[in-house]
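Worksheet: the structure to be examined is printed underneath.
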Amino acid sequence: MKRTHHCNEIRADHIGQEVTLNGWVHSRRDLGGVLFIDVRDREGRTQTVFDPSDVDQALFDRAASLHSESVIAVRGKVRQRPEGTDNDKIPTGHVEILVAEMEVLNAADVLPFQVDDPEVAAKVHEELRLKHRYLDLRRPELARNLRIRSKAATTTRFFLDAEGFSEIETPLLFKSTPEGAREFLVPSRVHPGEFYALPQSPQQFKQILMVGGVERYFQLARCFRDEDLRADRQPEFTQIDIEMSFIDREDIYALIEGLLKEIWKKTIDHEVTTPFLRLTFEEALNRFGIDKPDTRFAMELVDFTEDFKSSAFKVFSGMVAKGGVVKAINAKAYADVTQGQMETMTELAKSFGAKGLAYIKVEGGEWKSPIVKFFSDAEKASLQEKLGIEEGDLILFAADEWLNACEILGKIRLYCAEILQAQGKLTLDPHRFDFLWVTDFPLLSFDQEMNRWYSSHHPFTAPVAEDIPFLTEDPKRVRGQHYDIVVNGVELGGGSIRIHQPDVQKTVFEQVLQLPEEVVQERFGYMLEAFRYGAPPHGGIALGFDRMIALLCGCQSIRDVIAFPKTAKAADLLSESPARVEAKQLRDLHLHLKVAAPKGEKSEP
RNA sequence: GGGGGCGUAGCUCAAUUGGUUAGAGCGCUGCCCUGUCACGGCAGAGGUUGCGGGUUCGAGUCCCGUCGCUCCCGCCA
């Protein structure tokens, strides 16, 4: 009983034809004398009719006792529905199949949760949905997400192939590089006591491929990081990984703008406007207080450092005297802020080392604030003018060292936007995508506790050429040739032009990052060596594929765009991994566990 | 590692703030029903209130611990 049509195919044209459908029992309506079963597959559903005047009692009884989600094959004649019984909600609603024969391909047990009603299914606890992921995947939303994901992958391959890229797989069993994210380790059987690591990304291999003359590489690369999870982070995830030779930053921007434009068009038929806006790191911080700004709404940070330079309010003028800045945002229409919300924001500010969070509520034509009495008329006038203050507004201040002040207000800006959205005072168009590049990141950041410089991006990022002389004497002013791509406040990806000169790379490793020479040799010796034998200038980028699909699908969590995601504690509830292994497996791997074996099991001899 | 939220029938939730036999809708089982499409009607079964302690005359409710899910901070070169 192989199907002749799928379940969203039968139309008036087919009336009179004999057809066979295969699919799941979506719903069953037993009216006693007549029985309807909607057969569903991934394309849609079709109503079938069992009429006792046409089928024998045994078949009728078998059909009547089917549970939802059983898999059946039905053969019968297509006929027009009797007048007045059309169902306009589904495309097959004008016809039905008068069943002559039915085979039960798999009789389903009673389900752990209902899947036929999308609204009911969507509310089921995620734990249960993950345990029975195969049921969850039948929901139209998840099925659609996976198809969008597939379409995006295919579009990527097609586009990059046309641009002359080769798709090349790199090893998953790699060498441990203890910098950066914690790694998953894989013990070696044939090398007792030695380990592979799963790659955090194919970074080093793709650079070696450039030395290998590949020129244009890409991969939909699986990456692994053993860090704590979030809604937008999984321990294993996918990147669109790209590397090119003989290029500069502009080539990357143009390529990625083309790729994203194509993906958005092919998957959700959305026209992305290119070229993308570009912001320097400094401008992003100054205006939005974050290096991945959501530019779909304003509420921008405004600088008042000059205005409060000699203010009678010593918290502000004192900070300016110390070289700090004074900044403010206008949370439009948020003067009705609650005590609790104000406390939350103050805590945010304090977590960045601020002493408090100064504010002005504009209510009843009055500026209500504990600090406004210290302000001169000129100061008030400049606040009024630069912030466009109106009745009902809430003004929030940060006075601190530049980066802290920016980041405090950046977080508060996002918090306010969230609240204002919940209150219906701020609306963001769900079909709007604000793409932008963030450029000119500082190459290095200083770690106060460790008293040393570390790479803002990664140690292979090339400095801006004219800044190379400052690498050792003034690391702070060296800009990196690093770029991030940001959409609606989500960091979609990032990359850089790489260092291709072994001497510059050695300087960065040993003199700037202060890694001992022997450590550099052990971990990166093969790269430095490769760069001695003809390394082309090169650069690349990696895009978070899961995050990208979540944006395309309008999902909050990337778990909804991954077929088999893991929980916040990195467990797979379907297969119940991770799990213990047999003692023999451990012996083969030369491992001895320090944790106790569970009850009923013998611990290792 | 830290903080918040959740955990009651197969599912989604309720239980008057510590008080009788823990309820409802959906699902499930049985019976009825010939044009439904969220079919309808009648009846019924179904509970270690995540788990383990404690307080109390009495705990779903309060306390301690623990497990799981989730959100956030740290972390994620």
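In this text the structure is predicted, and so the values were computed from the model without any measurement. Every chain is numbered from 1 and lettered A, B, ... according to where its sequence line falls, protein lines coming before strand lines.
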Evaluation steps, salt bridge (charged side-chain N to carboxylate O under 4.0 Å, His left out), between A:Lys566 and A:Glu236:
CA-CA 9 Å; A:Lys566 291 190 168 45; A:Glu236 45 186 332; 2.7 Å; yes
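- Checking the phosphate oxygens (OP1, OP2) of B:rC69, a side-chain nitrogen or oxygen of A:Thr567 falls inside 4.0 Å.
- Only the C1' atoms considered, B:rC26 is 14 Å distant from B:rG46, to the nearest whole Å.
- Only the C1' atoms considered, B:rG74 is 11 Å distant from B:rG3, to the nearest whole Å.
- A donor-acceptor contact under 3.5 Å is not formed by the side chain of A:Arg28 with the base of B:rC39.
- Residues from residues 477-495 of chain A lying near RNA chain B, meaning a heavy-atom separation below 4.0 Å, are absent.
- As rounded to the nearest Å, B:rU56 and B:rU61 have C1' atoms that lie 13 Å from one another.
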Which donor-acceptor pairs under 3.5 Å do side chains of residues 507-517 of chain A form with protein atoms, sequence neighbours excluded?
from: A:Thr507; atom 1: OG1; to: A:Asp503; atom 2: O; distance (Å): 2.8
from: A:Glu510; atom 1: OE2; to: A:Lys506; atom 2: NZ; distance (Å): 3.1
from: A:Gln514; atom 1: NE2; to: A:Gln511; atom 2: O; distance (Å): 2.7

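- Between the A:Ser201 side chain and the A:Cys223 main chain, no donor and acceptor come within less than 3.5 Å of each other.
- Here the straight-line distance linking atom NE2 of A:His94 with atom CG of A:Asn87 works out to 9.0 Å at 0.5 Å rounding.
- A 4.5 Å side-chain heavy-atom check between A:Ile208 and A:Met527 finds at least one atom pair inside the cut-off.
- Which of B:rU70, B:rG35, B:rC75 sits closest to the side chain of A:Glu227 comes down to B:rC75.
- For the residue pair A:Gln204 and A:Tyr526, a side-chain donor N or O sits within less than 3.5 Å of a side-chain acceptor on the partner.
- Taking atom CD1 on A:Ile90 and atom P on B:rU36, their separation rounds to 14 Å, with Å as the unit.
- Nearest-nucleotide positions on RNA chain B for A:Val110 and A:Gly180 put A:Val110 closer to the 5' end.
- Side-chain to base pairing of A:Arg225 with B:rC76: no donor and acceptor N or O lie closer than 3.5 Å to each other.
- Using P as the reference atom, B:rA9 and B:rA22 are 14 Å apart when rounded to the nearest Å.
- Among the nucleotides B:rA38, B:rC37, B:rC39, the one closest to any side-chain atom of A:Thr85 is B:rC37.
- Among the heavy atoms of the strands lying under 4.0 Å from A:Ser455 are primed sugar atoms or P, OP1, OP2 only; no base atom is included.
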Which letter, B, S or -, goes with each nucleotide of nucleotides 1-15 of chain B from 5' to 3', with contact meaning a protein heavy atom under 4.0 Å?
B--------SSS---
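- At a threshold of 4.0 angstrom between heavy atoms, the contacts of A:Glu96 include nucleobase atoms, whether or not backbone atoms are also involved.
- On the P atoms, B:rC28 is 14 Å away from B:rC11, given to the nearest whole Å.
- Counting only distance, with no hydrogens or angles, the side chain of A:Ser445 and the backbone of A:Ser456 share no donor-acceptor pair below 3.5 Å.
- Residue contacts for A:Arg559: at a heavy-atom cut-off of 4.0 Å it reaches the sugar-phosphate backbone alone, with no base atom in range.
- Nucleotide B:rU55 carries an anti base; the chi torsion (O4'-C1'-N9-C4 or O4'-C1'-N1-C2) is more than 90° from 0.
- Close to B:rG68, at under 4.0 Å from its OP1 or OP2, lies a side-chain N or O of A:Lys569.
- B:rU12 and B:rG7: their P atoms are spaced 11 Å apart (whole Å).
- One distance of note links CG of A:Asp560 with CD1 of A:Ile549; it measures 13.0 Å at 0.5 Å rounding.
- The structure places CG of A:Leu443 at 11.0 Å from CZ of A:Arg479, a figure rounded to the nearest 0.5 Å.
- No donor-acceptor distance shorter than 3.5 angstrom exists from the side chain of A:Arg81 to the backbone of A:Asp86, with no hydrogens or angles considered.
- To the nearest angstrom, C1' of B:rG68 lies 5 Å from CD of A:Glu127.
- A salt bridge links A:Asp440 with A:Arg249: the closest approach of a Lys/Arg side-chain nitrogen to an acidic carboxylate oxygen falls below 4.0 angstrom.
- Salt-bridge formation is detected for the pair A:Asp38/A:Arg29: a Lys NZ or Arg NE/NH1/NH2 atom is positioned less than 4.0 Å from an Asp or Glu carboxylate oxygen.
- Side chain to side chain, A:Glu183 and A:Thr177 meet the donor-acceptor criterion of an N or O pair below 3.5 Å.
- A:Asp232 comes within 4.0 angstrom of no nucleic acid atom, judged by non-hydrogen atoms across all strands.
- Nucleotide B:rU21 forms no Watson-Crick or G-U wobble pair with any nucleotide shown, as no partner meets the under 3.5 Å limit on both distances.
- Here the C1' atom of nucleotide B:rC28 and the CG atom of A:Leu66 are 15 Å apart, to the nearest Å.
- Rounded to a whole Å, the CG atom of A:Asp226 is 11 Å from the C1' atom of B:rC76.
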Protein and nucleotides 40-46 of chain B: nitrogen or oxygen contacts under 3.5 angstrom:
none

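- When ring centroids are compared, A:Phe50 and A:Phe60 stay outside the 6.0 Å threshold.
- Across the strands present, B:rG7 finds its partner in B:rC67; the criterion is a Watson-Crick or G-U wobble pair with both atom distances under 3.5 angstrom.
- Between the P atom of B:rC76 and the CZ atom of A:Phe237 lies a distance of 13 Å, rounded to the nearest Å.
- Rounded to the nearest 0.5 angstrom, A:Thr346 OG1 and A:Ile412 CD1 are separated by 7.5 Å.
- Regarding A:Arg29, its CZ atom lies at a distance of 10 Å from the C1' atom of B:rG35, rounded to whole Å.
- The stretch residues 36-53 of chain A touches RNA chain B through A:Phe36, A:Gln47, each having a heavy atom within less than 4.0 Å of the strand.
- A:Gln114 places no side-chain N or O within 3.5 Å of a backbone atom of A:Ala121 that could act as its donor or acceptor partner.
- In this structure, A:His26 atom NE2 and B:rC39 atom P are separated by 8 Å, rounded to whole Å.
- When the nearest nucleotides of RNA chain B are assigned to A:Lys566 and A:Ser201 by heavy-atom distance, the more 5′-ward of the two goes with A:Lys566.
- In this structure A:Leu98 satisfies the side chain to side chain contact (heavy atoms under 4.5 Å, CB included) test together with A:Val49, A:Asp51, A:Asp54, A:Arg79, sequence neighbours excluded.
- If you take atom C1' in B:rG47 and the same atom in B:rC13, they sit 15 Å apart, rounded to whole Å.
- Of the P atoms belonging to B:rA24 and B:rC42, the separation is 14 Å, rounded to the nearest Å.
- B:rC33: no Watson-Crick or G-U partner with both key distances under 3.5 Å is found in any strand.
- If you check every strand for non-hydrogen atoms under 4.0 Å, A:Arg79 touches a base.
- Atom-to-atom, CG of A:Leu35 to C1' of B:rC32 comes out at 15 Å; the value is rounded to the nearest Å.
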